[in-house]
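The block underneath contains the structure these notes are about, expressed in structure tokens.
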Protein chains: 2
Amino acid sequence: MKILIVEDEHKTGDYLRQGLSEAGFVVDLARDGIDGMHLALTGEYDLLVLDVMLPGIDGWGILQAVRRAEQDIPILFLTARDRVEDRVQGLEMGADDYLIKPFAFSELLARIRSLARRGKSKPIENLYIADLELDIIKRRVTRSGQRIDLTAKEFSLLELLLRRRGEVLSRSLIASQVWDMNFDSDTNVIDVAVRRLRAKVDEAYEPKLIRTVRGMGYVIEVDEV
Amino acid sequence: MKILIVEDEHKTGDYLRQGLSEAGFVVDLARDGIDGMHLALTGEYDLLVLDVMLPGIDGWGILQAVRRAEQDIPILFLTARDRVEDRVQGLEMGADDYLIKPFAFSELLARIRSLARRGKSKPIENLYIADLELDIIKRRVTRSGQRIDLTAKEFSLLELLLRRRGEVLSRSLIASQVWDMNFDSDTNVIDVAVRRLRAKVDEAYEPKLIRTVRGMGYVIEVDEV
DNA sequence: ACAAAAATGTAATTTTGCTGTCATGTGTCT
DNA sequence: AGACACATGACAGCAAAATTACATTTTTGT
């Protein structure tokens with residue numbers, strides 16, 4: 001399994017290369033768009049991880065070049081948080097997945113494995129439960145039609161809960177997916193984050209969706225006692 | 001389900017081997033990193049439990065060797081509280097898991113079961129008897145379709161009984177699996193716990209499923225007298 | 001580049017409800 | 001009957017989670 005990363009930010013690039021190597025992948029790293037595109041077009045890679053913002057040719061450019069060369073290789077985009085249009089456009093042009101910076105490494109790994117396994121074309125659908133809806137691409141949340149503004153952490157916490165709705169998620173799992181924390185540090189960030197999320201998503205509505213399972217963790221579900 | 005433990009500390013190693021055997025796993029135990037790595041690479045195991053500190057090759061070394069051999073077997077690390085933080089960048093942590101020593105045996109068991117599930121991606125593992133159903137992943141119990149809320153202890157007690165349905169389980173076995181104690185006889189926690197579980201699971205239903213075997217322990221079974 | 005504002009993390013305090021202990025009741029065996 | 005094993009209910013201690021306030025970091029707007 002050979003992966004090409006195109007990322008100009010040194011810190012992120014090195015971090016990715018090292019992490020993915022340790023995870024058992026063969027990794028090449030290009031620091032700018034032109035190198036990146038040339039390497040990508042050699043056709044040696046099983047997967048591309050592209051930053052959108054690049055010197056030379058940007059992520060889309062590489063994507064177009066690769067697709068024009070009729071290569072069917074899966075592509076994962078790294079994009080900045082605010083630029084919604086980028087994501088929409090990127091996906092329309094044939095990216096297979098995207099991640100918003102900053103991201104938890106474990107999340108990246110999970111997406112990469114999933115792409116590697118299933119190949120491309122993972123349909124990205126919206127998540128919902130009861131009258132709560134979450135538009136992944138636009139990063140928008142509504143409950144009974146009303147728009148709710150969530151911060152980055154709140155959003156990815158909710159996203160995780162929803163992706164695994166009905167499952168009780170332990171704090172350590174949540175910590176590893178939403179924060180990039182390794183070991184059980186004695187912090188209560190998660191409790192506080194859940195509190196904040198509840199205030200926005202549950203407080204003014206019925207039924208309550210986020211449930212605490214004492215000693216276990218949190219679930220999102222419709223409680224059908 | 002075959003597990004390899006690599007642990008040089010004799011006490012911990014034996015404790016793990018015995019506990020996991022009692023829990024119904026097939027267990028091998030290696031006392032140093034070199035033996036451990038060789039055994040691990042035979043590919044016979046479904047899960048590894050590795051101490052990080054080992055004579056010969058340490059836990060990380062074994063991890064790398066295994067990953068280089070392209071084996072996708074889940075790994076659970078045991079680590080001491082003080083060292084760690086710097087050494088581990090949390091890479092791979094999304095895929096695998098860790099525990100900090102000293103740990104509760106029941107905690108270990110829970111992690112192992114969760115890892116085993118992920119590794120195999122096998123269909124949903126539900127336990128049931130008569131009209132009583134227990135969904136491990138969702139941590140949800142129903143009897144004749146009705147949802148029953150159980151506390152942590154109640155849940156793991158019921159889980160144990162169900163995994164061994166039809167077997168009479170002694171108090172000391174129950175104590176070692178559900179509580180992390182060496183059974184000192186002048187406590188009746190288990191009796192009380194069974195009582196509470198019965199109140200929720202048996203009291204309002206027929207037939208009664210949890211049976212007391214005087215002088216022996218408890219069983220869960222459909223009584224065919 | 002700076003200050004203001006928002007997001008996020010930390011810490012202290014209150015609330016909640018699980019869980020172990022104990023006292024007592026009930027059935028069972030010799 | 002007496003001894004024993006288990007059942008049951010009450011209760012208090014305590015750990016987990018909720019909540020609040022505050023500190024710190026990050027983002028935003030000028």
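Throughout, protein chains are lettered first and strands after them, A, B, ... in sequence-line order, and every chain is numbered starting at 1. Remember, it's a predicted structure, so these values are computed and weren't measured experimentally.
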What pairs with [X] under side chain to side chain donor-acceptor pair (under 3.5 Å), at least two apart in sequence or on another chain?
X: B:R17; answer: none
X: B:Y128; answer: none
X: A:T142; answer: none
X: A:K200; answer: A:E154

**Q.** Flag side-chain contact, heavy atom, 4.5 Å: B:M1 against B:L20
**A.** no

(Q) Is there a side-chain contact between B:F103 and B:R111 in this structure, where contact means two heavy atoms from C-beta onward sitting under 4.5 Å apart? (A) no

Q | Close approaches to DNA chain D from residues 208-215 of chain B, in residue order (heavy atom, under 4.0 Å) | A | B:T212, B:V213, B:R214, B:G215

Q. When you measure from every atom of DNA chain D, which of residues 151-163 of chain B have a heavy atom less than 4.0 Å away?
A. none

Rounded to whole Å, please give me the gap between [atom1] in [X] and [atom2] in [N].
X: B:D149; N: C:dT19; atom1: CG; atom2: P; value: 13 Å
X: B:R171; N: D:dC4; atom1: CZ; atom2: P; value: 16 Å
X: B:E107; N: D:dA16; atom1: CD; atom2: P; value: 11 Å
X: B:L150; N: C:dT19; atom1: CG; atom2: C1'; value: 14 Å
X: B:I190; N: D:dT8; atom1: CD1; atom2: P; value: 17 Å

Indicate whether OP1 or OP2 belonging to [N] is found under 4.0 Å from a side-chain N or O atom of [X].
X: A:Y218; N: D:dA18; value: yes
X: A:W179; N: C:dT8; value: no
X: B:T187; N: C:dG20; value: no

**Q.** DNA chain C contacts made by residues 191-201 of chain B, counting heavy atoms under 4.0 Å
**A.** B:V192, B:R196

(Q) Taking CD in B:Q18 as the centre, count heavy atoms belonging to other residues, nucleotides or ligands within less than 6.0 Å. Is the count above 12? (A) no

Measuring from [X]:[atom1] to [Y]:[atom2], what's the distance to the nearest 0.5 Å?
X: B:K153; Y: B:R196; atom1: NZ; atom2: CZ; value: 11.0 Å
X: A:L169; Y: A:Y218; atom1: CG; atom2: OH; value: 11.5 Å
X: A:I210; Y: A:L132; atom1: CD1; atom2: CG; value: 8.0 Å
X: A:R31; Y: A:D35; atom1: CZ; atom2: CG; value: 11.0 Å

Q) What residues form a side-chain contact (heavy atoms from CB on, under 4.5 Å) with B:M216, not counting sequence neighbours? A) B:V168, B:V213

(Q) Does anything in residues 167-176 of chain A form a salt bridge (charged side-chain N to carboxylate O under 4.0 Å, His left out)? List the pairs, not counting sequence neighbours. (A) A:R164-A:E167, A:R171-A:D191

Q.
Run the side-chain contact (heavy atoms from CB on, under 4.5 Å) test on B:R163 and B:R113 for me, step by step, so that the C-alpha distance in whole Å, both residues' side-chain angles and the decisive distance to 0.1 Å come before the verdict.
A. CA-CA 12 Å; B:R163 283 187 190 281; B:R113 292 215 161 103; 3.0 Å; yes

Q. Who are the salt bridge (Lys or Arg N to Asp or Glu O under 4.0 Å) partners of B:D202, not counting sequence neighbours?
A. B:R143

(Q) Taking salt bridge (charged side-chain N to carboxylate O under 4.0 Å, His left out) as the criterion, tell me which of B:K208, B:R198, B:R195 meets it with B:E203. (A) B:R195

Taking only nitrogen or oxygen atoms into account, show me every contact under 3.5 Å that the protein makes with nucleotides 24-26 of chain C, one pair per line with its distance.
none

Q: Measure the angle between the two terminal helix axes of the helix from C:dA1-D:dT30 to C:dT30-D:dA1, five base pairs each, and quote it to 10°.
A: 30°

